[in-house]
> 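Shown below is the structure under consideration.
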Amino acid sequence: RLSELIQVNRRYSRSINLERDLGDPDSLAGYIPTERAVSSLQGILRDFGSQRKRARAWTLTGVYGTGKSAFAHFLTALLGKDGDPMRQQAMVIASRRCCRP
């Protein structure tokens, strides 16, 4: 049977629900920031770190299924409190993929 040969990682079997998944570090497992997500994150972090007046609101647009909610979930975790398991998981992901100093 095909189901015995192929298994879908749970991360890819359902979409992110921002309300349901907010406090669940496992919901970040397997998240891979795309080039667009990395670029967006770098822009947001640059604006937050700037002493000059910069954007403080952003809009994420895209077609269904392109990862907008997953990115928002990742960003929310990344901006969480120190010591929060969600933030710790997001920092691991960020350090691997996009935000090395």
Side-chain angles (χ1 to χ4, degrees):
R1 297 179 63 194
L2 187 58
S3 63
E4 295 170 359
L5 299 173
I6 299 173
Q7 293 180 341
V8 176
N9 185 321
R10 182 174 104 66
R11 167 78 180 101
Y12 302 106
S13 64
R14 66 181 179 92
S15 60
I16 286 293
N17 179 297
L18 295 175
E19 190 173 4
R20 176 193 65 215
D21 297 328
L22 186 60
D24 181 9
D26 289 339
S27 63
L28 288 171
Y31 178 68
I32 301 170
T34 63
E35 273 189 51
R36 176 70 61 138
V38 171
S39 174
S40 297
L41 180 58
Q42 288 171 338
I44 290 168
L45 294 176
R46 181 185 59 244
D47 287 351
F48 266 116
S50 175
Q51 297 299 319
R52 298 185 347 209
K53 277 189 162 183
R54 296 279 181 149
R56 295 291 190 251
W58 297 267
T59 302
L60 296 176
T61 57
V63 298
Y64 179 82
T66 57
K68 297 175 299 293
S69 293
F71 175 74
H73 184 58
F74 172 65
L75 181 60
T76 299
L78 200 58
L79 298 175
K81 293 181 181 180
D82 285 339
D84 183 323
M86 290 286 292
R87 183 168 192 260
Q88 292 172 347
Q89 178 74 5
M91 292 296 286
V92 168
I93 294 167
S95 67
R96 285 185 194 149
R97 175 69 172 104
C98 59
C99 305
R100 295 185 190 110

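The basis for the numbers below is simple: all heavy atoms, side chains too, and nothing from hydrogens, waters or symmetry mates.
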> Could you tell me the separation between the CG atom of Leu28 and the CE atom of Met86, rounded to the nearest 0.5 Å?
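Between Leu28 CG and Met86 CE, I get 4.0 Å after rounding to 0.5 Å.
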> Kindly indicate whether the side chain of Phe71, heavy atoms from C-beta on, has any atom under 4.5 Å from the side chain of Thr34.
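No, their side chains stay 4.5 Å or more apart.
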> What closest approach, in Å, do Ser95 and Val92 show between heavy atoms, and which atom pair accounts for it?
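Taking Ser95 first and Val92 second, the nearest heavy atoms are OG-O, 2.9 Å.
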> Enter the distance from Leu5:CG to Leu2:CG here, rounded to the nearest 0.5 Å.
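Here the interatomic distance stands at 6.0 Å.
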> Between Leu41 and Pro33, is there a side-chain heavy-atom distance shorter than 4.5 Å?
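When only atoms from C-beta onward are counted, Leu41 and Pro33 do not touch, as no gap falls below 4.5 Å.
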> Within this structure, what is the OG-CZ distance for the pair Ser27 and Phe74, rounded to the nearest 0.5 Å?
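One finds 12.0 Å between OG of Ser27 and CZ of Phe74.
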> Any link between Leu22 and Leu75 through a network of hydrophobic side chains (Ile, Leu, Val, Met, Phe, Trp, Tyr) touching at under 4.5 Å?
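They do not share one cluster, since no chain of ILVMFWY contacts under 4.5 Å joins Leu22 to Leu75.
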> How many angstroms lie between CG in Leu45 and CG in Leu78, if you round to the nearest 0.5 Å?
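So the gap between those two atoms works out to 6.5 Å.
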> Within this structure, what is the CG-CZ distance for the pair Leu60 and Arg36, rounded to the nearest 0.5 Å?
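Rounded to the nearest 0.5 Å, the CG-CZ separation comes to 10.5 Å.
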> Are the side chains of Val63 and Thr66 in touch, meaning some heavy atoms are under 4.5 Å apart?
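Yes, side chains in contact.
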> For the side chain of Asp84 and the backbone of Gly80, is there at least one donor-acceptor N/O pair under 3.5 Å apart?
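Pair absent, no side-chain N/O of Asp84 close to backbone of Gly80.
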> To the nearest 0.5 Å, tell me how far Lys68 NZ sits from Ile16 CD1.
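The distance works out to 13.0 Å.
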